Asker: 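Can you keep this structure in mind? I'll have questions shortly.
Computed from a predicted model, the values in this text were never measured in an experiment. Each chain gets a letter, A, B and so on, in the order the sequences are listed, and its residues count up from 1.
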Amino acid sequence: MFKGFKLTRKLENTLMLVFTLIFLGYISMSPDMNLESLKGVLIIGITVGIIYGLVAVGISLIYTGLDVVNFSHGEFFMLGAFTGLTVYNFLIDGELIYAIFPDAYGWVGYVIGLFFAFVVMGLFGVLIERVFLRPLTKKGGGYTVAGMGIIICGFGLSVVLLNLAYIIWNPTAHPFHADLGLPINIGGVTLPMTYLWMLVTGFTVAGALYFFLNKTKMGLGVRAVAHSKVISNLVGINVPLYISIIFGIACALAGLAGTLVGPTYQVVVYMGYIILLKAFASAVVGGFGSLPGAIVGGFTVGLFETSCAFFISGSHKDAYAFLLMIVVLLIKPTGFFGVQVKMKA
Amino acid sequence: MLKIKNLVSGYGSVQILNGANMKVENQSIVALLGGNGTGKSTILKACSGIIRTWKGSINFNGEDIQNLPPHNIVEKGLVQVTQGKDVFPAMTVLENLKLGGFTLKSKQTLNDNIEKVFNYFPRLNERKSQLAATLSGGELQMLCIGRGLMSNPKMIMLDEPSAALAPQIVLDIFKNINKIRKDGLTVLVVEQNVRMALLLADYGYVIKDGVINVEGESKKLMYDESVKDSYLGGGGTTANV
Ligand SMILES: Nc1ncnc2c1ncn2[C@@H]1O[C@H](COP(=O)(O)OP(=O)(O)OP(=O)(O)O)[C@@H](O)[C@H]1O
Ligand SMILES: [Mg+2]
């Protein structure tokens, strides 16, 4: 903020607390404030939050693993939504699913759609990494030299993927009529089933990711490569392979999130932009490069945005995420879980 | 075990090694000595494959390994322990060791090897669930060597294992290096602590300007005039004992 002016940890936290209290005080004075709406905002905020979190985790994973901010990450989200939609329509509208399982419900098709979005985007991510990013990250002998070229490559990739999607699906919005059943009532809040799916799937996948990273050998390898390519090489990890795995997992998560969001909004080729920015804000708020931070940042942005939209004004909904990001950057530049300095071997 | 012939390598376009020749016999300890910035670490990096070999050959166990991917070199049984006590600070001691055994296929071998490392360095056993970031310098070095031993290597290359450690710890680590050799491994050790290194090693090489300048039996090197002048410090200036 000021040159040579640095806040201490304690002061940072105090300021964050003050900001939170002012914010809570402000929205509690809103005329719309009551228990009912508060419950609604909480549930919706957490639901959007876990989606932001899943995309943000991917951005952070790629950042730690490849030393690059993947600006085309939103496009994998969008392509994932289209993959899910296409698979779902193929199964349900084509009545294929009923030919195989006569008693099937809509959710069977949706689960298969989610699965395909995850797998297809994962494989597509690996392909993109191998073909487009690998020649750039390889330059300089190691895999740590990632410069401006790769950032520009990310933007270029984003434009190319967007235009490809535009040719295939045209710019109109495609409704995703997932037949998931009637809305349910949770503690007095009526929640469409699509939200419940986001909530449950989102948490399940986040839990599975935690298990994968902390309890499996491959997860240990991913964490090692994310910290240092050189030491990973020296302990015998196939680093290029793991870089592909990291990129693939990140893209798979984005694709899954796309299909989770699809039925609630609409599926349209532009949907990747705004999610990229929101997920980016989440990652920054949580602490760039930190995976738990990305999830917590997602919740924070989701809750902040939803409560502002509901209690203050819904007309600037997309700006709130950035307002929050700017405040956090000013007060606590490392984010909640930020690492001060990334150690590099 | 390891034969380096006319090794030329460097960083970017800067050539550091100008045709180095070395030989490490099976089950021996060989010391690689030399001033700062002469290319000792660079030799090790070329052997472990993290930098490219421009010219010349590196032969390990009868096979040319220059420019193989680093993980293949580890699988063949050649492991490098880096200079900076590089660990994964956000992981526990145990996780660090498990990563050292990443190339192992069987869980049983992994657990056996962890036991083996704890036998060499009991301190690590006491600290096993602690984050590596909280270890002392000596413990970090033990962890690095231990991690290097995890993959059942045939040969281990240690880069300045005594750097910035108290004499007592240095002695302990050197005793363990000797023990490691007795247990059947071959050791190449880069050292600034020349006197200690020559006491430990069977054979020594001195590198200067990217080529091997002097070589010989350690006992002879200890009395070699040029080594004495430059390292054992007639005037005691560069001595590091
Ligand atoms: N990553 C790098 N990029 C560019 N130059 C490097 C790099 N690493 C080392 N060098 C240069 O290569 C030369 C030899 O370095 P090296 O690390 O092999 O020296 P060393 O003999 O191990 O010295 P020390 O005893 O200080 O560890 C030095 O001049 C150094 O500046
Ligand atoms: Mg060195």
Side-chain angles (χ1 to χ4, degrees), chain A residues 60-61 63-65 130 134 137-145 147 210-245 287-293 334 337-345, chain B residues 9-13 44-54 67-92 94-105 107 110 132-133 143-144 147-153 156-157 159:
Chain A
S60 275
L61 256 178
Y63 175 70
T64 51
R130 288 267 151 154
R134 184 59 57 93
T137 43
K138 214 170 173 171
K139 231 176 164 189
Y143 293 88
T144 56
V145 182
Y210 180 85
F211 179 85
F212 168 74
L213 287 173
N214 290 291
K215 301 284 177 232
T216 67
K217 184 175 171 185
M218 198 188 255
L220 187 66
V222 166
R223 277 155 60 213
V225 171
H227 174 71
S228 158
K229 320 281 173 299
V230 174
I231 324 179
S232 299
N233 266 324
L234 292 179
V235 297
I237 298 175
N238 185 345
V239 174
L241 175 71
Y242 270 76
I243 285 183
S244 293
I245 292 175
F288 216 80
S290 154
L291 303 188
T334 53
F337 288 70
V339 240
Q340 293 284 7
V341 183
K342 202 182 168 208
M343 238 167 86
K344 280 274 157 213
Chain B
S9 180
Y11 304 92
S13 58
L44 299 199
K45 287 182 207 164
C47 291
S48 60
I50 53 178
I51 64 169
R52 293 190 66 78
T53 296
W54 299 358
N67 294 333
L68 283 183
H71 66 273
N72 286 352
I73 294 178
V74 174
E75 281 161 7
K76 290 192 189 302
L78 179 60
V79 165
Q80 181 197 354
V81 175
T82 53
Q83 187 169 0
K85 305 193 187 100
D86 300 312
V87 292
F88 298 102
M91 296 187 196
T92 63
L94 208 56
E95 281 177 316
N96 268 281
L97 290 179
K98 277 186 187 161
L99 274 166
F102 203 81
T103 50
L104 297 175
K105 298 281 177 289
K107 195 140 192 178
L110 186 78
L143 180 56
C144 287
R147 192 181 59 200
L149 294 172
M150 282 296 299
S151 60
N152 280 338
I156 189 164
M157 304 184 284
D159 201 341

Asker: Which heavy atom of B:Leu104 sits nearest to which heavy atom of A:Lys217, and what is that distance?
Answerer: O-NZ, 3.1 Å

Asker: So, taking the atom named NZ in B:Lys45 and the one named CG in A:Asn233, what distance separates them when rounded to the nearest 0.5 Å?
Answerer: 12.5 Å

Asker: Is B:Leu110 close to chain A through its backbone or its side chain, or both, or neither, when contacts mean heavy atoms under 4.5 Å?
Answerer: neither

Asker: Looking at side-chain heavy atoms only, is the closest gap between A:Leu241 and B:His71 below 4.5 Å?
Answerer: no

Asker: Nearest 0.5 Å please: distance from the CG atom of A:Asn238 over to the OG1 atom of B:Thr103.
Answerer: 12.0 Å

Asker: Heavy-atom pairs under 4.5 Å with chain A are the metric here; pick the option from B:Glu75, B:Lys98, B:Met150, B:Met91 that has the most.
Answerer: B:Met91

Asker: Would you call B:Glu95 and A:Arg223 a side-chain contact if the rule is heavy atoms closer than 4.5 Å?
Answerer: yes

Asker: Can you establish whether the number of heavy atoms outside A:Phe212 located under 6.0 Å from its atom CZ is more than 12?
Answerer: yes

Asker: On a heavy-atom basis, which atom in B:Phe88 and which in A:Ala224 lie closest, and how many Å separate them?
Answerer: CE2-O, 3.4 Å

Asker: Before giving the answer on side-chain contact (heavy atoms from CB on, under 4.5 Å), spell out for A:Leu234 and B:Ile50 the whole-Å C-alpha distance, their side-chain angles and the decisive distance to 0.1 Å.
Answerer: CA-CA 8 Å; A:Leu234 292 179; B:Ile50 53 178; 4.0 Å; yes

Asker: Between A:Val235 and B:Val74, is the side-chain contact (heavy atoms from CB on, under 4.5 Å) condition met? List the steps.
Answerer: CA-CA 7 Å; A:Val235 297; B:Val74 174; over 6 Å; no

Asker: Could you check which of B:Ile51, B:Asn72, B:Leu99, B:Val81 has the highest count of heavy-atom pairs closer than 4.5 Å to chain A?
Answerer: B:Leu99

